[in-house]
Structure formats: structure tokens, C-alpha cells
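In listed order, ligands and their atoms are each counted from 1.
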Amino acid sequence: MKTLYGTGARMANPLRYLTVAATMLVAASQGRAQVSPLIQNLGARSTTSLDGQWQTIVDPYDVGAFDYRGQPLKNSAAFYKNFKPQSKTDWVEYDFDTSGHLNVPGDWNTQRESLLLYEGSVWYKRSFDYAKAPKRRLFLHFGAANYLASVYLNGEALGQHEGGFTPFDFEITDRVRPEGNFVILRVNNARAKEDVPTVNTDWWNYGGITRPVTLVEVPETFIQDYSIQFEKGSTRQIKGWLQLNGPELHQNITIGIPEAHASKTFATDDTGRVEFSFTADLQPWSPENPKLYAVEISGATDRVVDRIGFRSISVQGTDILLNGKTLFLRGISIHEEAPTRPGRAWSVDDARTLLGWAKELGCNFVRLAHYPHGEAMVRTADEMGILVWEEVPVYWTIQWENPDTLRNAKNQLNELITRDHNRAALIIYSVANETPISDARNRFLSQLIQQAHASDPTRLVSAALQASETEEGGRFTIHINDPIANELDVMGNNEYIGWYVRRIADLDVTDWASKYDKPLIMSEFGADALFGDHGDAQTRWTEEYQESLYVHQIAMLRRIPFLRGTTPWILKDFRSPRRTLPGIEDYFNRKGLVSNRGEKKKAFFVLQEFYRELQNTRRLADQYENSPR
Ligand code: GCU
């Protein structure tokens, strides 16, 4: 359990954890619900959506959780009790029924002007009836809630989840009643130094229940999780595992791929787990041919169908190989903001629009920055044939020595991997962005890298690093020598030459060197431009400046022999509390190639032309074999 007295922002809200932690501990000791293991492939289960209008109470001083002495409330004054005055003498100082509503899913910041900059607690309430069939189990699932969610059902604590970008669920089988259920959440997005991310980010701290809420009904013994994919380096050998959850753990499980006339049966062990391997003739999934197969997984008590693409991703020296062939990742970075309205994206339509713009650019790859985006985004990338880099928000300078912070980061990585490990589109896990080199940082990241490799050996691990620079005779050399790159499969690097560092012209005299025989993805570069702001190419904030920067960046990138991908910063202008310049930024980072109203800037077409040219090239360097190094 977290200590009360952290530093920095926590002091503003020292009691943020107390009540909840105390109540959860009581709940746990009485064997009540806890965050349960995630259920794989929710969309294929029998579900009931709880999305829509939720009743809400905005509670800046957490009076719904603590008394004036800061002690946890357990009586009717606690908002999670949803207590109603029984008589005219009763003192009750809150009322969900008359306190307004917010949409779920949705951030609260863009739903009410008064909440745009709000950081603190908001209470959410939703009532529902549920006639559960006998011998069935019921789970309450959240796609995400930023940042700390404390969940109650019918006035009792269910559990708590920390981390704003990954799913969580609670088993409520013995708690739900046929009528009059009420689920209440306290969602708190106050920032704290020991959190992941920490107090400082270049994105908006959207609060709320930001992704769908679902009731999921499954059999008493159900297929909890499975992983089915080509073995690394193979396009015939399928390898995987499956985990049952429930009393009947010994079962014969059949994995069927009807379209490929493949069907194999394996027996689970007494822990309900089986590891399996078999061969099948399948069309490999690729951006050119995003072939998804219906995979039927069935046992004595449960059956699940998933749509899975089969592909192999690996590295060889400085090459990235997809299904054994070298590949150049023509990418773009994306924040999880809705394409044509303010606020967080969450729907399939949002994903289709954002990925549609990426396709228009000529992309076969996207970097989902700096945190796990919604499942809708990754599944849509599967459908549309776009490769994906996913990242946990180990961003800038977090508390490397704090064991809670490490546990938190590991948990977020685990939830990401658990949710998306059957998505063919997903090829890279990134464990960090622009983190300062130190022994403590290296130890921290090393543990995340090992965890990713151990829990999912079929994918690559990377991080967005920062390199050092030397100058000689008017030429600059950027050296990729970050020690953590030793443990990575793919190196990512962020550079802002021509914007934060030096001038655009210096790109023409900049070379790159790497200590490692590994592929590089230039994970960020770019410049701010306000759509419609025009001038000469030397005038910052104009479209012409951004356009010129892209022209010179691309010329430099062509000269990097170990470059195997690019994800410029960024597809669309996005909200940031760090961007205050009036009339230009107005709390938006303007490095988008598309404005926040969906208008394409001149640089969009520079990158599009480059990617079109590359479309027929597997290795950038192939074209410039003889170009001077
Ligand atoms: C950083 C960072 C981004 C940020 C960008 C910028 O490199 O990774 O999160 O938005 O630079 O300054 O625009």
C-alpha cells in the first residue's frame, strides 16, 4: 500500500489513497472482490453495455470519501453508500439524482467547460437490473478510467485500479441482484510524482471513465485467456497457450481454424493450463494482406471465437523482418484524441478515422503514444493492415527507485500485453519515452524489458531514447549509445533538430552512428505549425517552416544506413497544458500534420510523397546503397 506522504502534487491531495486503501483492505480480508484477471476477447462474450449517461458528483475536496479530519468515511455520509434521507430529520449532504450527468465513455474535461482543467475526484453512479442465469459468472469490466478508480457495488467496496490506460474487471457473481443494483466509482486524476506517468507530461490529463463499461457473463468454468500466434521466425508453426478459470480445470480444448481445415485438441493440466503447438497452412497477415482467420476455441464448458491474423515479426542485425522479409516501417505517431471532436478517442469510428488519415499518408505503421490506446484502435489496425507500436507511460523522469512506481509500471505493461497479445498488428512494446540515463533508470527499464520478453516472446521490445552529439568540421554526428539499447530488439530515438535543437539547415550536415547492430526507428521528429499560418520557410509556426523541416529531415533520414522506420511527431494537433502561446498554441501542441479540426498542413503532403516513394522499397538504404555515408 502506498505511503501517505509522497512529495510534490500528492501533498495537494495527501488523502487520495487513504480511504480507498483502507476500505479495500477490509474488503480483501473479508474475501470480497478484487481486481480479477482480465478476460481475453471480451467482444466475443455475452455482454451488456453500461455505457451512456452516468450520474456524477464533482468532489474537489473528497468530502465523499473523508471526514473533516481526513478520516475515511464508512457511514451513510460516504458517497459510495448512495444513502437517501429516510426522514426529514436525516442529514444527507449529497444526491446523485440531482447532481448532473456525464457521458461514459468520455473524459469529463471536454464535457463541461468548468471541468476543462479539473484534476481531482469525480463520483460516477449507474443503476442496473440483471437477471443472471444460474451456473453463470458475472464480471464488471472497464476499458479504462484515468487515473485511480475505486469501485463499489451496492454500497460495498469491489476494488481499486491504478493507471489510466489499461482495462480492469471485478467478479460480481455473488454480489449482483436481479434488480436495483448500483455501481459507484470514485475516479481521481490528481497527478503525483510516484505515479506512471508522473506529474509532468506534454498531453492533457483527461479524467474520467474514458472507455466502455461492460457486464460480461461467462460459464462457471470459462476460457480466461489464450495466446495463439506463429512461432517467432516461422510462418507455419503455431504456438500458444490457454488458461481456464473455474472448477472444471481438466478439459480437452479444441483449437479450430475452419478456413484452413485445421483443428487440434489438447488437454489442460490440473491448473487449467495447456501449452500447444501445431502446424497449419495459413496466409500470413501483412499490411498488404491483413488476413484475419476465425479461430474457434472450445472445451466442455465454454467456446470462444476470435479473429486472429498470423504473422511472424523478428529482427536480424539492423533489419526488421515481417514474415521473413525485410520491412521499412512508414509510420506516424498518434495521441488518443478524437479526430473531429475535442477529448479522448474511444470508438471504432474514431480509430477508423485516425488510421484512415495514417493510411492516406502512406503509412503501414503507427506509434500509439505514450500510453496504451483503446482495444478498438488495435483491433481496427488488425483489420486495416497497420502495424502498431504500443507504449506504457514511463515518460520523462519518473521515480526510478520507488518500488511502488515499478510495481505500477509492471502492472500496466502486464495489462497491455494481456489485452492485446493476440493482435497481429501489434509488433512492438515500448517500455519508455525520453527517460534520463542513470543506473536506477537502467535497472527499472531492464525489468520491464525482461517482463515483456518473458510474457510475450513473439514480439519486439523498444523504447524512445535520446542520443548524444558531437561536432567536427561543421558536421554533426548523433551517436546512439544509450546503454539500455543493449537489451532492446529495436532502438527508438526522438530528435528535434531544426525545432528545439539548432536550425533546419543543420539537418543537411548531420550524420548518425550507432554502437549497436540493431534497427533504428526515428520515433519522433517534427515542428509546430498553426494551420493556415503562412510565411517564408524561416518563420516559425508557419506551415512553410514545418514543410521545409520535413524536406530536410527526410533528406537526413535517407542517409542513415540502420534506419528501418519513422514515426514523425505527430498525426494531429493535440491538447497540452504545456502549450500556452496565445493565438498559436492556445493549449495545443501544433506539431500535427493535421490540425485539431482535421485540416491537412503542407508537411502532410511532403511525408505522403516520401512514403509513396518508399511503398515499393523494403529497405530505405537499398535505394541509396551508394549514397555517401
Ligand atoms: C517530446 C515528447 C512528446 C512531446 C514532444 C514535443 O519528445 O516525447 O511527448 O509532445 O516532444 O515537444 O512536441
Worksheet item: Counting heavy atoms only, which part of R590 comes closer than 4.0 Å to ligand 1: side chain, backbone, both or neither?
Response: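 Looking at R590 and ligand 1, no heavy atom falls under 4.0 Å.
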Item to complete: Have a look at W569, F525, Y500, Y496 and point out the one with the heavy atom closest to atom 12 (O) of ligand 1.
Response: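 Going through W569, F525, Y500, Y496 one by one, Y500 has the nearest heavy atom to atom 12 (O) of ligand 1.
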Discussion item. I need the atoms of ligand 1 closer than 4.0 Å to a non-hydrogen atom of H370, numbered in the order shown.
Written reply: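 Near H370, meaning under 4.0 Å from one of its heavy atoms, ligand 1 has 3 (C), 8 (O), 9 (O).
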Practice prompt. Can you sort out which atoms of ligand 1 are near F574, meaning under 4.0 Å from one of its heavy atoms?
Written response: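 Checking each atom against F574, I get 10 (O).
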Worksheet item: Taking the six-membered ring of F531 as reference, does the NZ or CZ atom of R597 fall below 6.0 Å from its centre and within a 45° cone about the axis?
Response: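 That pair does not qualify as a cation-pi contact.
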Discussion item. Tell me whether the rings of Y545 and W499 are parallel (<30°), tilted (30 to 60°) or perpendicular (>60°).
Written reply: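 Perpendicular, since the angle between the ring planes exceeds 60°.
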Worksheet item: Does ligand 1 have any atom that is closer than 4.0 Å to a heavy atom of W203?
Response: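 Checking ligand 1 against W203, which is what was asked, there is no heavy-atom contact under 4.0 Å.
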Fill in: Test item, E495 contacting ligand 1 (heavy atom, 4.0 angstrom)
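No.
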Discussion item. How about CD on Q316, more than 12 heavy atoms from neighbouring residues, nucleotides or ligands closer than 6.0 Å, or not?
Written reply: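 Atom CD in Q316 is not packed in, count stays at 12 or less.
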Fill in: Smallest separation among heavy atoms of Y147 and G164, with atom names
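In terms of heavy atoms, the two residues are closest at CD1-N, 3.9 Å.
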Starting from [atom], which protein heavy atom do you reach first, and at what distance in Å?
{"atom": "atom 10 (O) of ligand 1", "result": "D202 OD2, 2.5 Å"}
{"atom": "atom 7 (O) of ligand 1", "result": "E434 OE2, 2.3 Å"}
{"atom": "atom 13 (O) of ligand 1", "result": "K591 NZ, 2.7 Å"}

Worksheet item: From E375 CD over to R211 CZ, what is the distance, rounded to the nearest 0.5 angstrom?
Response: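 Atom-to-atom, E375:CD and R211:CZ are 9.5 Å apart.
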Discussion item. Between ligand 1 and E524, is the shortest N or O to N or O distance under 3.5 Å?
Written reply: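 Yes - when backbone and side-chain N and O of E524 are compared with those of ligand 1, one distance drops under 3.5 Å.
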Worksheet item: Can you find an N/O atom of W396 closer than 3.5 Å to an N/O atom of ligand 1?
Response: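 W396 vs ligand 1: no N/O contact under 3.5 Å.
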Item to complete: Say whether, by atom type as modelled, one donor and one acceptor occur between the side chain of S514 and the main chain of Y516 under 3.5 angstrom.
Response: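 Checked: pair present.
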Worksheet entry | Side-chain donor or acceptor of N433 paired with backbone N/O of Y395 under 3.5 Å |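 Not at all, since once roles are kept as given, no pair shorter than 3.5 Å links the two residues.
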Worksheet entry | Pairs involving residues 353-366, ordered by first then second residue, that meet side chain to side chain donor-acceptor pair (under 3.5 Å) (sequence neighbours left out) |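 Every pair satisfying side chain to side chain donor-acceptor pair (under 3.5 Å) with a residue in residues 353-366: E360-K600.
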